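Reading through the structure tokens given below for one structure.
Quantities reported herein were computed from a predicted structural model and do not represent experimental measurements.
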Amino acid sequence: MLKVKGMRDASPGKRLFVIEKDGEPAPPEDLERVAAIAGRLLGENELPGEFGVFDVGLLVLNVRVSERTFFHDGIVFAALDAVNNPEKNPTISQPAV
């Protein structure tokens, strides 16, 4: 199970999310899935920015601090829920047919 263990600003345009899987830093392939879903949610909500993998256990949000809202953090948690339990969150975890 993926969990956010912390978040911090790395620079005015970068926010890092520390993510673990079963007590270890989350592998890049899991973070790529989270980033893809989070990016989709940004687009659907017309929010600026983009998510990506920064390093093992680190998801990055690239967006100026002046454009960032609390919704950006919430999107990370929604994307984690979709990756952890896709059956519970089919709307955001399944591609459009």
Side-chain angles (χ1 to χ4, degrees):
M1 176 169 288
L2 298 169
K3 295 182 181 182
V4 173
K5 298 308 273 186
M7 52 187 116
R8 64 181 181 272
D9 292 333
S11 69
K14 276 192 193 325
R15 184 162 181 84
L16 296 177
F17 297 85
V18 180
I19 301 178
E20 291 184 352
K21 181 177 185 177
D22 302 324
E24 298 292 327
E29 54 272 8
D30 287 342
L31 295 177
E32 287 171 7
R33 291 177 57 213
V34 173
I37 293 170
R40 183 172 155 198
L41 291 171
L42 283 178
E44 288 176 0
N45 288 284
E46 299 179 357
L47 293 171
E50 66 177 25
F51 285 96
V53 178
F54 189 78
D55 201 355
V56 175
L58 295 174
L59 182 75
V60 65
L61 167 62
N62 294 306
V63 67
R64 289 186 299 228
V65 70
S66 62
E67 295 180 321
R68 192 171 63 222
T69 69
F70 70 94
F71 290 114
H72 286 88
D73 293 345
I75 282 174
V76 173
F77 289 94
L80 285 175
D81 284 345
V83 170
N84 285 330
N85 192 350
E87 295 81 26
K88 182 179 174 188
N89 300 290
T91 304
I92 60 175
S93 61
Q94 301 300 313
V97 177

* Do T69 and H72 touch side chain to side chain, with heavy atoms closer than 4.5 Å? -> yes

One should read off an interatomic distance between L16 CG and R8 CZ, to the nearest 0.5 angstrom, of 5.5 Å

- Taking it one step at a time, do N45 and F71 satisfy side-chain contact (heavy atoms from CB on, under 4.5 Å)? CA-CA 9 Å; N45 288 284; F71 290 114; over 6 Å; no

For E20, the side-chain contact (heavy atoms from CB on, under 4.5 Å) test, sequence neighbours excluded, returns K5

Could you tell me whether a side-chain N or O of N85 sits under 3.5 Å from a main-chain N or O of D81, the two making a donor and an acceptor?
-> no

Residue set satisfying side-chain contact (heavy atoms from CB on, under 4.5 Å) with A36, at least two apart, ordered chain then number -> none

Report, one line per pair, each donor and acceptor closer than 3.5 Å where one atom sits in a side chain of residues 48-58; sequence neighbours left out.
none

Treating Ile, Leu, Val, Met, Phe, Trp and Tyr as nodes and any side-chain heavy-atom pair under 4.5 angstrom as an edge, say whether L42 and M7 lie in one connected cluster.
yes

Distance col, row L59:CG vs I19:CD1, nearest 0.5 angstrom, shows 4.5 Å

Residues D73 and R15: closest non-hydrogen pair is OD1-NE, 3.0 Å

Residues passing the salt bridge (charged side-chain N to carboxylate O under 4.0 Å, His left out) test with R68, sequence neighbours excluded, are D9

Is there a side-chain contact between V4 and V18 (heavy atoms, below 4.5 Å)? no

Please confirm whether the backbone N or O of K21 pairs with a side-chain atom of D30, one donor and one acceptor, at under 3.5 Å?
-> no

So CZ of F17 and CG of L31: to nearest 0.5 Å the spacing works out to 12.0 Å

With sequence neighbours left out, the residues meeting salt bridge (charged side-chain N to carboxylate O under 4.0 Å, His left out) with K3 are none

Single-linkage hydrophobic cluster, 4.5 Å side-chain cutoff, M1 and I37 together
no

What one should report as the nearest heavy-atom pair of A38 and A79 is N-CB, 3.8 Å

Apart from V65 itself, members of its ILVMFWY cluster (side-chain separation under 4.5 Å) are none

Notebook entry, point to check: Does the distance from a Lys or Arg side-chain N to an Asp or Glu carboxylate O, for R40 and E44, drop under 4.0 Å?
Noted result: yes

Between the main-chain N or O of L2 and the side-chain N or O of N84, is there a donor-acceptor pair closer than 3.5 Å? yes

